[in-house]
Every structure is written in structure tokens, then in C-alpha cells.
Amino acid sequence: MSQPTDGKLNRRDFVKLTFGWCAALFATGASAAAGARFLIPNVLYEPDRRYKALKPDDYPEGITFLPEIRTFLIRNGDKLRAVSAVCTHLGCTVNPSADGKGFHCPCHGSQFDENGAVVSGPAPKPLPCPAVSLSRDGRLVIDASQQVPPTQALVV
Amino acid sequence: MPKRLWNLFCRSRIGRSIFRVGLPASSLDRMRAAVSSFVLHIHPAKVHARTLKFSTTFGLGLISLYLFIILSVTGALLMFYYVPATDQAYQSMKDLEFVVSAGQVVRNIHSWAAHLMVLFVGLHMCRVFYTAAYKPPREFNWVVGLALFLLTLGLSFTGYLLPWDQLAYWAITVGTSIAGYAPLIGEKMKFILLGGHTVGQAALIRFYVLHVVALPAAMALLIAIHLWRVRTDGGLARPEEPEPTPEQMPAAALPQTKTYGLMELARGTTPSVGAPPDDLVFTWPHLLFREILLFLFVFALVLVPAILWNAPLEEIANAVYPPNPAKAPWYFLGLQELVSHSAFWGGVVVPGLIVTALAVLPYLDRKPKGVGVWFSGERKVAIAIFSVCLATMLTLTAIGCWFRGPNWALQAPWKPHVVAEERRP
């Protein structure tokens, strides 16, 4: 520093130091932010969350598993509804229980009833129920991005 | 004869430009060799005699370092064949097994050494705790060591996905879901780690880059700092020396006119501070010989199982059906056991508390009691707390390993493993 005035900062040095540190902090912060943002992808090469299934009549009474979207399609007479097969605990695929009522997870033993509600185990939330609708050409559309209450079903 | 040839070479113009000191004939040579050689300068010229005693450390830290070196070399070899793409990764595993000469053995060594490294880094940590070697001035090196332990786990975990088999796919699905439970930033963290919502191509390439570049680079840097600090903190922790008896010459009274007297100056925290002169031995040959011997032992330790048993490889990853039961690698089974009760408490709170407690330990427990002594009677409370935590974690791991059957139901390991009838819809 030019002309030390007994330990006190003169105006010129104060401006220099302030400007220098601000520039350094800004450069570091901006680089860190850009680096972090760089790691968040803008385009995902993942399957569509809306899935077009077959026609309603192609599915038998009871539970049918749709592996492409890891979802159960449940037919009860003329009522069709869907329950997600992805365990809300840690993402394993649940299986239908041996007695045909409800589901269980092989990873950490969570149990769900036929509506997806948690019966026992570590799962914190019920299995979500994706919306089921009919497309214009008469085929089923299951939309995992839309959740409906388990009582809601498509009547065909 | 080879000794004479070597000395002749070392005395030649070229030899001197490379090695500076030939095979040491005198004490002065041994000092000069230790300070002038890049490879040897990691060591002090002389070490305390306790360093050579196997039961002081059981060589656990050095074994971990050797395993890291073995892992780096075999890992680089595997990179010549491995392709980090979801439709080729598993095929590269099969190529290594059936097509590449010695491919299976290289992969086996890599796999065994990885498991052993987790084990030995853990044992090394226990050794440092039970001999109170984390106390001042070594507090920060304990924290660096903790970071190295976490990096070891991170390297194991990222490497676990790469074979792209069922074991890999579901262990990572479960592991990254645990990250999603962290408050506030959990979901975002999981998304960045996977590069998407599910384990797929983006996740595979991310784990690959972490496994082969980012984490090993961080590890190499931290190992360098860790070793450097071992020296600057005064070598291995050792108990207080008794007052020098009259017939022993205090270090400060040593002749300081000789060249090698510089190395024995009693200042700061060098290993020679306050030590009677007879307690120090030359690094070359005493320590060096033991280190080379230990490397041969470690190499045999990974090579023999690698020849006898193949590293596991299950069927190719199936994003729909998890294996039953789906288990994480053994060192995470204690956590998985906790997670099977509550993902938030077991996956976030408990590991967070363990890491925090370990990190602040040397700053809380500062009394210089029992340093360098195994299970010192002066530290009963600290030893009891640590041992109870350790035993709990080991019990949970054992339960997860051997007592959990299909659907994560409790099952005795000696009972036949009844695989629940797979009701795949």
C-alpha cells in the first residue's frame, strides 16, 4: 500500500481493496453458480409420464401390471383405476400380495392395501393413483403426472 | 555383485543426476537418501523405534494406502474395456469375464480390494480412536481421515452401479432415494446426482465420472495432506516419555555441528523432540523394509481371493423387478436396516449425527490422556461410548447381512433360504 498512514487505510487503498474483493467474490460466486447450474440437465431422455395402453376390453378382471410405467391397472367390473407400483419408501417395485388384497414391497417390507394406503412398514406415503382416461381412439391413457383419489375410477 | 553395479551406476554422471545418493553405506548416506529422494522424502530420516513395532498401528493406514494404489492401477486397466452406456456396460462385464485375457482376475482384484479398503479404513479409524491418536496436535488430521473414510464409501457406492446388473441397479435406486429424504435440498440433490428422475443413462455416466475422476482426484489430494500431516504432527502418536535419566543425553545437548545434526535438532514437533537418542532408528533400511514387506502381504491378500472367487455379477439390470430381498453393499446394510424402519431417521438423521459426532470428537475430547496407548484406562468413558456405537452399527450390519430374507422378513441364516414365490403380475 502506498504511504502507510500509521496503520490507517487511506481512501485510495480502501477503494482498491473494496473493488478487488468484490470482483474476486463476484467471480468466485458466479463461477460456482454456473458450475452448479451446469450439472442440472435441461433436457431429459426419459420415457413420457403419460402412457397409452390398450383398449379397456383388453384388460381382464383383477390386477394387470403395466411394466413400462410400473403401474397396476385394476379392473372391477366396469370400473378401471390405476395404482402406482413404485414404493414410496425407496423406489422399489411392489408386488401384489399372495392373498390378492393389497401390495407388498420386497426391499424393506412395506405393505399397502388395495387402494395403495400404507398398512405397515416404513413407507411414509400411500401409493399414488395416476389418472386413467380414454383417448379419442378408445384406448386407455394413464397419466402419472396427474394424481387422483383412490376412489375415483373410469367407468366404461 | 548387483550392489556394486548399482553403486557404479549411481556414481556415473547420469546415475548421479537421477539418484544423487547410491546405496547408503554410512549413516550420513541414509539421511541424505531420505531427504533427497522424492519417493523417500515422505519419511523422516529417522523414526521412533515404536513406529517399527507392528502392534503400534498394525499397519492399517498403510494397508489402506496400498489398497488405494492397487485400486487405481486395476481401475485404470478396467477403463480400457468398460463402456459407460446402459446398453453396453453389462456387455463389457461379460467381455472382461470371457474375452479379455486376465480380465476376470483384474476385475476380481478391483472388487476385493474395494471391499477390503472399506474394511481397513474402518479398522484404521478404530485404531486411531482406541490409541487416542486424534488428540492435539493431530485433531485436524482426524478430520481429514474422516473425509477420506467418506470418500472411500463414495467411491465404493459409485463403483457399485457401473456393472449395470440387478444388484447395482437396485442398490443405487435405494441409495439415491435415501438422499431424496434430506430436508429441503433432498429432491434436488437426488435429481442432480441421477441427472433425471430415475436411474438411467444420465445416472450411469454421472456415477462413472464421479468414480473415475472426481472422487479419486479428491482422494489423492487428501491422502497427500493426510500423510504430510502425519509427519508435521510429529509422526505416530506415542505416550509421554519418562524424564530422561541422567545417563541419557538430552536431545538438545547433541552435537549440532555435524550435517546430520540438523535433522536431530529438537525444535517444533519433529519426531525427535525430547526423545533420547537411542529411541530413533534409521528409516532406511528398518522402516522401508517393513513397508515393502507389508505391500507384498497386501498384494497377496487381494490376489489370492481374486483367483479363488469371482466378483459377483447378477443378471442384467431390470428397471421393473427388484431382486427379493434387495440389499445394499454390506457396509451400508447397517444403514439399510435402520432405513427399513424409517428412511428419514435411518437414512438422514442417524448418518448425519454419526459423521458430525466423529468430526467434532477431537475438539471435544482434548485432554492429553492415554495418547499412544491401546485402550488406556484413563479414557474409560470415551472408549465405552465409541465401543457401544460401533457394536450397535456392527449388530445392525450383521442383521442386515444374514438375518434378512425375502420381503426383508427376519430369518435365521441357518434356515434354508425359502425364496418367496415370485408373484410377478
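Smallest separation of non-hydrogen atoms from B:Ser340 and A:Pro122: O-CG, 3.1 Å. In plain terms, the two heavy atoms of B:Trp170 and A:Gly91 that are nearest each other are CZ3-O, 3.6 Å. Nearest approach of A:Cys107 to B:Gln336, heavy atoms of both residues: O-NE2, 4.3 Å.
For A:Arg139, the CZ atom is densely surrounded, since the number of other residues' heavy atoms within 6.0 Å is greater than 12. Heavy-atom contacts from other residues, nucleotides or ligands closer than 6.0 Å to OH of B:Tyr81 number 12 or fewer. The local environment of CD in B:Glu315 is sparse, with at most 12 non-hydrogen atoms from other residues, nucleotides or ligands closer than 6.0 Å. In this structure, A:Lys125 places its NZ atom where only 12 or fewer heavy-atom neighbours from other residues, nucleotides or ligands lie under 6.0 Å away. Counted within 6.0 Å of CZ on A:Arg75, heavy atoms from surrounding residues, nucleotides or ligands total more than 12; the atom is thus considered enclosed.
With respect to chain A, the highest number of heavy-atom pairs below 4.5 Å among B:Ser342, B:Gly346, B:Gly195 belongs to B:Gly195. Most heavy-atom pairs under 4.5 Å with chain B, from the set A:Ala123, A:Gly109, A:Gly62: that is A:Gly109. When each of B:Ile192, B:Val339, B:Ile178 is scored by its heavy-atom pairs under 4.5 Å with chain A, the top score falls to B:Val339.
Considering only heavy atoms from C-beta on, A:Ser110 stays 4.5 Å or farther from B:Trp408 through its side chain. Between A:Cys92 and B:Val174 the shortest side-chain heavy-atom distance falls below 4.5 Å.
Of the atoms belonging to B:Val199, not a single heavy atom falls under 4.5 Å from chain A. Neither the backbone nor the side chain of B:Phe344 comes within contact range of chain A; no heavy atoms are under 4.5 Å apart. When heavy atoms are compared at a cutoff of 4.5 Å, B:Thr198 approaches chain A by way of both its backbone and its side chain. Of the two parts of B:Ala319, only the backbone, made up of N, CA, C and O, holds a non-hydrogen atom closer than 4.5 Å to a non-hydrogen atom of chain A. Both the backbone and the side chain of B:Thr173 have a heavy atom closer than 4.5 Å to some heavy atom of chain A. The contact between A:His89 and chain B is made by backbone and side chain atoms together, counting heavy-atom distances below 4.5 Å. Looking at A:Leu39, the atoms closer than 4.5 Å to chain B (heavy atoms on both sides) sit in the backbone and in the side chain alike.
Checked by atom type and distance alone, the side chain of A:Thr93 pairs as donor or acceptor with a backbone atom of B:Val320 at under 3.5 Å. Panel note: side chain A:Glu46, backbone B:His197; a donor-acceptor pair is recorded below 3.5 Å.
Screening A:Val86, A:Thr88, A:Leu90 against B:Ser177 for a side chain to side chain contact (heavy atoms under 4.5 Å, CB included) leaves a single residue, A:Leu90.
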